[in-house]
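Read the structure below first, then the notes.
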Amino acid sequence: MEERKKKRKRYGGGSHGNRSSLDGSDDEQMHLPNPMVGFNLPGYRRPSVMRMLPQQAIGPPFFYYENVARTPRGVWETISRFLYDIEPEFVDSMHLSAAARKRGYIHNLPIENRSPLLPLPPKTIFEAFPHYKKWWPSWDPRRQLNCLQTTVASAKTTERIQCLLARSSNPPPPSVQKYVIDECRKWNLVWVGKNKVAPLEPNEVEYLLGFPRDHTRGVGKTERYKSLGNSFHVDTVAYHLSVLRDMFPNGVSVLSLFTGIGGGEVALHRLGIHMRAVVSVEIGEANRRILRGWWDQTQTGTLIEVADVKSLTPDIIASYVGRFGGFDLVIGGSPCNNLAGSNRHHRDGLEGEQSSLFYHYFRILDVVKSAMARM
DNA sequence: AGTAATATGACCAGAACT
DNA sequence: AGTTCTGGTCATATTACT
């Protein structure tokens with residue numbers, strides 16, 4: 001893998017954001033588009049440029065890779081280099097949802113004739129949760145939520161806010177307003193009573209992310225927040241995957257890596273795309289249970305659950321390829337733990353303990369590719 | 001013992017200044 | 001062109017609690 005030749009490629013052109021480094025190595029900062037709408041989004045059609053995929057990037061299989069947009073420098077360049085030099089598509093789901101979610105996607109799907117899930121999801125807090133209007137103070141200007149993360153504010157935090165507001169004037173002085181709103185932005189708090197803010201409930205997070213109600217029910221609350229925070233935004237992913245519907249009228253077979261709670265599977269289901277078979281790899285036991293529960297309620301195809309990507313040897317992959325006649329889609333988002341900004345401890349980059357599992361995504365995809373080339 | 005709540009900055013990129 | 005300021009982030013280690 002290390003021998004893969006380094007290519008210098010700057011997407012988006014321009015010298016914006018350049019920073020010369022002291023050691024003489026080149027700046028490799030990926031340009032993030034503004035607005036962050038990828039190649040296109042419903043209601044945000046950019047002048048759609050034809051994209052030419054490198055020859056070796058073209059399927060079968062189709063593949064779809066996801067990770068956080070804001071990584072330490074050079075990470076997306078490396079990911080792109082491994083994934084056949086495809087330009088990442090950066091999308092902030094705030095353009096399709098009431099909550100922000102800045103993510104990069106690398107895939108070899110067509111980008112023409114996409115269609116969104118209908119009805120389009122609410123794009124403001126009040127459209128999503130009308131009852132919060134009642135206690136929303138006029139000095140809180142938020143109309144959308146920030147990124148839904150894996151943990152929520154402690155009761156102490158909301159209590160501090162409540163006490164502070166209780167002994168302030170109405171409206172509170174600017175310094176108090178600023179403190180409260182900063183905390184609300186930081187923790188995604190909503191107004192649920194007089195002077196009272198609270199984190200979103202797990203079922204509200206499910207709704208904002210496009211999952212069916214109670215999708216994650218049955219595991220601990222903390223666990224639900226964690227699994228949901230690590231998940232796809234279903235409507236965004238479904239928009240990208242929608243082009244598969246007409247291409248596979250008889251359904252698809254899917255290799256799903258780092259499945260989590262099954263955001264990709266839910267997206268395909270909501271698109272009306274039948275899944276003949278899904279081989280799912282997910283390390284979390286609770287997540288596997290959640291996916292199995294949903295599958296048994298909604299699906300008729302075959303689900304095979306595997307715990308660890310490391311256990312997928314070339315032989316095993318080849319046997320699945322043979323058994324299911326190849327995979328139509330390889331989908332997954334590899335761990336962001338060591339890339340995400342909120343990690344205070346081990347933001348070690350792509351070589352970090354969990355995030356380096358990306359290389360298994362590439363490895364497995366490449367094995368599937370070559371096995372299918374021999375079919 | 002296992003589970004849940006709580007406390008805990010750093011880094012990066014843009015905006016808004018000088 | 002450089003500086004300061006501001007906002008925002010698929011989290012982890014420790015402590016408290018069953």
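The model shown is predicted, which means the values in this text are computed figures rather than measured ones. Reckoned from all heavy atoms, side chains included, excluding hydrogens, waters and symmetry mates. By convention in this document, chain letters (A, B, ...) are assigned in the order of the sequence lines, proteins followed by strands, and residues within each chain are numbered from 1.
Side-chain N/O atoms of A:Lys186 include none lying less than 4.0 angstrom from OP1 or OP2 on B:dG9. Proximity of A:Asn146 to the phosphate of C:dG7: no side-chain N or O atom is located under 4.0 Å from OP1 or OP2. Side-chain N/O atoms of A:Ser154 include one lying less than 4.0 angstrom from OP1 or OP2 on B:dA7. Applying the 4.0 Å criterion to OP1 and OP2 of B:dA5, one finds that A:Thr222 has a side-chain N or O inside that range. Between A:His346 and C:dA13 there is a side-chain N or O to OP1 or OP2 distance below 4.0 Å. Close to C:dG8, at under 4.0 Å from its OP1 or OP2, lies a side-chain N or O of A:Arg185. Regarding contacts with the backbone of C:dC10, a side-chain N or O of A:Arg103 is found under 4.0 angstrom from either OP1 or OP2. When the side-chain nitrogen and oxygen atoms of A:Asn343 are compared with OP1 and OP2 of B:dA10, none of them lie within a distance under 4.0 Å.
When rounded to the nearest whole Å, the span between NZ of A:Lys178 and C1' of C:dT6 equals 8 Å. To the nearest angstrom, C1' of B:dA5 lies 13 Å from CD of A:Glu159. Rounded to whole Å, atom P of C:dC10 lies 6 Å from atom CD of A:Gln149. As rounded to whole Å, 19 Å separates atom P of C:dC10 from atom OH of A:Tyr361. If you take NE2 of A:His31 and P of B:dC12, they are 18 Å apart, rounded to a whole angstrom. Atom pair A:Leu228:CG and C:dC10:C1' shows a separation of 11 Å (rounding to whole Å applied). Distance A:Lys156 NZ to B:dT8 C1': 16 Å, rounded to the nearest Å. Separating the CD1 atom of A:Ile181 from the C1' atom of C:dT6 is a distance of 15 Å, rounded to the nearest angstrom.
Residue-level contact check: A:Cys147 touches the backbone only, with heavy atoms under 4.0 Å from sugar-phosphate atoms and none from bases. Across all strands shown, A:Arg70 has heavy atoms under 4.0 Å from sugar-phosphate atoms exclusively, and none from any base. No engagement by A:Ser227 is indicated, since no non-hydrogen atom pair under 4.0 Å with the nucleic acid exists. No contact: A:Glu223 has no heavy atom under 4.0 Å from any strand.
Between C:dC10 and B:dT8, the distance separating the two P atoms is 23 Å to the nearest Å.
Nearest to the side-chain atoms of A:Leu32 among the listed nucleotides B:dG14, C:dT9, B:dT8 stands B:dG14. Among C:dA13, C:dC10, B:dT6, the nucleotide with an atom closest to any side-chain atom of A:Asn230 is C:dC10. Nearest to the side chain of A:Arg101, among B:dG9, B:dC11, C:dC10, sits C:dC10. Taking every side-chain heavy atom of A:Arg344 into account, B:dG9 is the closest of C:dC10, B:dC11, B:dG9.
Under the 30°/60° scheme for interplanar angles, the aromatic rings of A:Tyr64 and A:His240 are found to be tilted. Ring geometry for A:His269 against A:Trp294 counts as perpendicular: the plane angle is over 60°, on a 0 to 90° scale with 30° as the lower cut.
The pairing partner recorded for B:dG9 is none, the criterion being a Watson-Crick or G-U wobble arrangement whose two distances lie under 3.5 angstrom. The partner of C:dC10 is absent, by the rule that a Watson-Crick or G-U pair needs both atom distances under 3.5 Å.
For an aromatic pair to be called close, the ring centres must be under 6.0 Å apart, and A:Phe258 with A:Tyr361 fails this. Aromatic rings of A:Phe82 and A:Tyr359 (six-membered ring for Trp) have centroids within the 6.0 Å cut-off, being under it.
Positionally, the nearest nucleotide of DNA chain B for A:Gly220 lies more toward the 5' end than for the other of A:Gly220 and A:Trp187. Each of A:Asn34 and A:Ser342 was assigned the nucleotide of DNA chain B with the nearest heavy atom; the assignment lying further toward the 5' end belongs to A:Ser342. If you find the closest nucleotide of DNA chain C to A:Asp182 and to A:Leu148, the one lying nearer the 5' end belongs to A:Asp182.
Looking at A:Asp92 and A:Arg103, no side-chain N of the basic residue comes within less than 4.0 Å of a carboxylate O on the acidic one, giving no salt bridge.
The cationic group of A:Lys369 does not satisfy the cation-pi geometry with A:Phe327, failing either the under 6.0 Å distance to the six-membered ring centre or the 45° limit from the ring axis.
A donor-acceptor contact closer than 3.5 angstrom is absent between the side chains of A:Thr216 and A:Ser227.
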